[in-house]
Novice: 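First the structure, which I've put down as structure tokens, then a few questions once you've had a look.
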Protein chains: 2
Amino acid sequence: MSDVNGEAKAAGDAPGLTSTVVFRLGTLGTVATDRFTREIEQLGLKPKHVGLMAALSLAAAASQQELAARMGVAPSLVVSLADHLESLGAVQRIRDPQDRRRQVLTLTEEGQGLLKRCTSMARTLDEEFTAGLTKTQRKALTEALRVMAKDAGLP
Amino acid sequence: MSDVNGEAKAAGDAPGLTSTVVFRLGTLGTVATDRFTREIEQLGLKPKHVGLMAALSLAAAASQQELAARMGVAPSLVVSLADHLESLGAVQRIRDPQDRRRQVLTLTEEGQGLLKRCTSMARTLDEEFTAGLTKTQRKALTEALRVMAKDAGLP
DNA sequence: TATTGTTATACTCTATAACTATA
DNA sequence: TATAGTTATAGAGTATAACAATA
């Protein structure tokens with residue numbers, strides 16, 4: 001029987017799990033992240049480090065806890081991520097004089113440069129991942145992902 | 001300044017990391033998998049269990065090792081996944097009489113039913129994730145994901 | 001007493017390595 | 001001796017809980 005999806009199935013079967021958006025987002029997301037992880041390794045970074053820098057570049061954080069909430073991770077994780085980024089000179093911790101419990105994180109010039117290099121690497125990977133798509137398809141994909149991310153409360 | 005991507009940025013800045021396909025696939029993939037994980041929990045399953053069943057439904061496995069290679073996981077992981085699925089009656093281990101070292105895994109009727117329920121759950125989540133898209137956009141997204149998955153060697 | 005950041009601890013996932021049975 | 005499956009062990013990643021400083 002003909003099968004546009006390339007999915008092995010008996011006659012009369014509905015399209016299977018592997019053709020769902022959820023399954024494909026999950027599997028492609030893993031592959032994409034794995035490839036990205038390998039690229040940024042040379043910078044001494046892991047995805048969450050980059051995520052933290054990206055979050056900071058989008059909006060300054062009032063505190064580490066507020067940042068943790070935005071990133072959807074535990075505050076204790078922000079501590080170790082920030083520790084590492086600080087050791088690389090990518091972020092600075094500055095005590096809030098108004099409330100000395102708070103540590104205000106800021107992205108340094110070094111951090112901005114690092115983030116820029118990561119962004120450039122991601123763009124190169126984008127080319128790779130979308131190489132099989134027409135320009136029109138690429139545009140449509142980008143827009144669809146943007147809308148879904150927005151609806152899911154993601155940046 | 002105007003910004004279609006909703007991304008905070010200074011004048012002259014290029015679109016940032018968060019608007020790349022790689023970043024969006026990664027983050028949306030995580031959210032999608034987390035949501036799916038919560039759904040299948042009631043069936044006593046985790047994503048990799050479903051992945052194993054899906055792999056079996058696409059093509060019979062000659063051995064657990066061959067299946068592990070197809071799934072991109074360690075053979076020892078297939079053991080524990082199959083252990084659990086066997087305890088649920090979802091798969092059967094049958095010794096290959098030609099080579100008694102091999103365990104041939106087969107999806108039982110129970111397993112097929114379980115997989116069907118998971119697929120149905122994934123379809124419901126698809127609706128949720130793509131709710132903000134037009135029918136045309138949804139179609140374009142599905143096709144783009146299909147092509148990228150194929151190019152990445154995914155089912 | 002409540003909150004921020006930190007440290008200590010534990011848990012989940014999965015891989016590597018050692019082991020057993022069969023070839 | 002080599003291979004399939006299994007079991008034992010270890011590492012990465014991250015959360016929860018206990019703790020210290022400040023409010």
Side-chain angles (χ1 to χ4, degrees), chain A residues 26-27 29-38 40-41 44-53 55-56 60-87 91-106, chain B residues 26-27 29-38 40-41 44-53 55-56 60-87 91-106:
Chain A
T27 49
T30 300
V31 173
T33 302
D34 285 353
R35 287 285 289 109
F36 186 62
T37 302
R38 244 193 293 156
I40 62 179
E41 198 172 19
L45 297 172
K46 304 217 168 161
K48 298 259 150 134
H49 296 123
V50 182
L52 193 156
M53 291 194 292
L56 277 188
S63 68
Q64 289 184 187
Q65 302 225 0
E66 188 260 322
L67 186 59
R70 246 165 49 199
M71 292 179 64
V73 301
S76 60
L77 182 54
V78 172
V79 173
S80 61
L81 295 174
D83 279 351
H84 182 64
L85 289 170
E86 199 175 28
S87 81
V91 302
Q92 255 186 333
R93 277 181 169 108
I94 303 170
R95 285 237 172 253
D96 181 345
Q98 256 65 48
D99 183 343
R100 291 183 42 73
R101 289 173 303 182
R102 284 181 154 83
Q103 300 265 39
V104 179
L105 289 178
T106 60
Chain B
T27 52
T30 299
V31 173
T33 302
D34 286 352
R35 288 284 291 106
F36 185 62
T37 302
R38 243 193 294 156
I40 62 178
E41 197 173 19
L45 298 172
K46 304 215 168 163
K48 296 260 150 135
H49 297 123
V50 182
L52 193 156
M53 290 194 293
L56 277 187
S63 68
Q64 291 184 186
Q65 303 224 359
E66 187 262 321
L67 185 59
R70 245 165 49 199
M71 293 178 63
V73 301
S76 60
L77 182 55
V78 171
V79 173
S80 60
L81 294 174
D83 279 351
H84 182 65
L85 289 171
E86 198 174 30
S87 80
V91 303
Q92 257 187 333
R93 278 183 167 106
I94 303 170
R95 286 238 171 252
D96 182 343
Q98 257 64 48
D99 182 344
R100 292 183 39 73
R101 289 172 304 182
R102 284 182 153 83
Q103 300 266 39
V104 179
L105 289 179
T106 61

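To find a chain, count down the sequence lines: A is the first, B the second, and so on, and within it residues start at 1. Since we're looking at a predicted model, the values are computed, not measured.
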Novice: In this structure, how many angstroms lie between the P atom of D:dA12 and the CD atom of A:Glu41, rounded?
Specialist: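 Rounded to whole Å, this separation is 12 Å.
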Novice: Within this structure, what is the NE2-CG distance for the pair B:His49 and B:Leu85, rounded to the nearest 0.5 Å?
Specialist: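 Taking NE2 in B:His49 and CG in B:Leu85, the distance rounds to 5.5 Å.
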Novice: Select base, sugar-phosphate, or nothing to describe what A:Val78 touches, counting heavy atoms under 4.0 Å on all strands.
Specialist: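 If one applies the 4.0 Å heavy-atom cut-off, A:Val78 turns out to touch nothing in the nucleic acid.
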Novice: Compare side-chain N and O positions of B:Gln65 against OP1 and OP2 of D:dA4 and report whether any pair is under 4.0 Å apart.
Specialist: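 So the side chain of B:Gln65 is within the cut-off, an N or O lying under 4.0 Å from OP1 or OP2 of D:dA4.
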Novice: Where do A:Leu105 and A:Leu56 come nearest, in terms of heavy atoms and distance?
Specialist: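 Closest approach of A:Leu105 to A:Leu56, heavy atoms only: O-CD2, 3.8 Å.
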Novice: Would you kindly give the CG-to-C1' distance between B:Asp34 and D:dT14, to the nearest whole Å?
Specialist: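 These atoms are roughly 13 Å apart.
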Novice: Expressed as a whole number of angstroms, how long is the span from A:Glu66:CD to C:dT3:P?
Specialist: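 Interatomic distance, CD of A:Glu66 to P of C:dT3: 16 Å.
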Novice: Quick check for you: among D:dA23, D:dA15, C:dA15, whose closest atom lies nearest to any side-chain atom of A:Arg100?
Specialist: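 From the listed options, D:dA23 comes nearest.
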Novice: Tell me, do A:Leu77 and A:Met71 make a side-chain contact under 4.5 Å, heavy atoms counted?
Specialist: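 Result no, sub-4.5 Å side-chain heavy-atom pair not found.
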Novice: For A:Ser76 and A:Asp99, find the nucleotide of DNA chain C closest to each by heavy atoms; which residue's nucleotide sits nearer the 5' end?
Specialist: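 So the residue in question is A:Asp99.
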Novice: Side chain of B:Ala74, heavy atoms from C-beta onward: which of C:dA15, C:dT4, D:dA15 has the nearest atom to it?
Specialist: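 Among the listed nucleotides, the one closest to the side chain of B:Ala74 is C:dA15.
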Novice: Starting at CG of B:Leu77 and ending at C1' of C:dC13, how long is that distance when rounded to a whole Å?
Specialist: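 Result: 8 Å.
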Novice: Compare every heavy atom of B:Arg93 with every heavy atom of B:Val79, then report the nearest pair and how far apart it is.
Specialist: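 Taking every non-hydrogen atom into account, O-NH2, 3.2 Å.
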Novice: Start at the 5' end of DNA chain D and walk down; is the nucleotide closest to A:Leu81 or to A:Arg101 reached first?
Specialist: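 By nearest-heavy-atom nucleotide position, the 5'-most residue is A:Leu81.
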Novice: How long is the line joining CG of B:Leu105 and C1' of D:dT6, in whole Å?
Specialist: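 Result: 13 Å.
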Novice: Quick one: which of D:dA15, C:dA15, D:dT7 gets closest to the side chain of A:Val73?
Specialist: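 Nucleotide nearest to A:Val73's side chain: D:dA15.
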Novice: Quick one: is C:dA23 close enough that its OP1 or OP2 comes under 4.0 Å of any side-chain N or O from B:Gln98?
Specialist: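 For C:dA23, neither OP1 nor OP2 has a side-chain N or O of B:Gln98 closer than 4.0 Å.
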Novice: What is the separation between atom CD on B:Gln103 and atom P on C:dT20, rounded to the nearest whole Å?
Specialist: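 Those two atoms, CD and P, are 18 Å apart.
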Novice: Starting at CZ of A:Arg95 and ending at P of C:dT4, how long is that distance when rounded to a whole Å?
Specialist: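 From A:Arg95 CZ to C:dT4 P: 13 Å.
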Novice: Compare every heavy atom of B:Thr37 with every heavy atom of B:Pro47, then report the nearest pair and how far apart it is.
Specialist: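 In this case the closest contact between B:Pro47 and B:Thr37 is CG-OG1, 3.3 Å.
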Novice: Closer than 4.0 Å, any side-chain N/O of A:Arg93 to the OP1 or OP2 of C:dT6?
Specialist: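 So the side chain of A:Arg93 is within the cut-off, an N or O lying under 4.0 Å from OP1 or OP2 of C:dT6.
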Novice: In whole angstroms, how far is the C1' atom of C:dT6 from the CD atom of A:Gln64?
Specialist: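 So the two atoms are 9 Å apart, to the nearest Å.
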Novice: Closest-nucleotide mapping onto DNA chain D: is A:Lys48 or A:Pro97 further toward the 5' terminus? I mean the 5' end.
Specialist: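 Comparing both residues, the 5'-ward one is A:Lys48.
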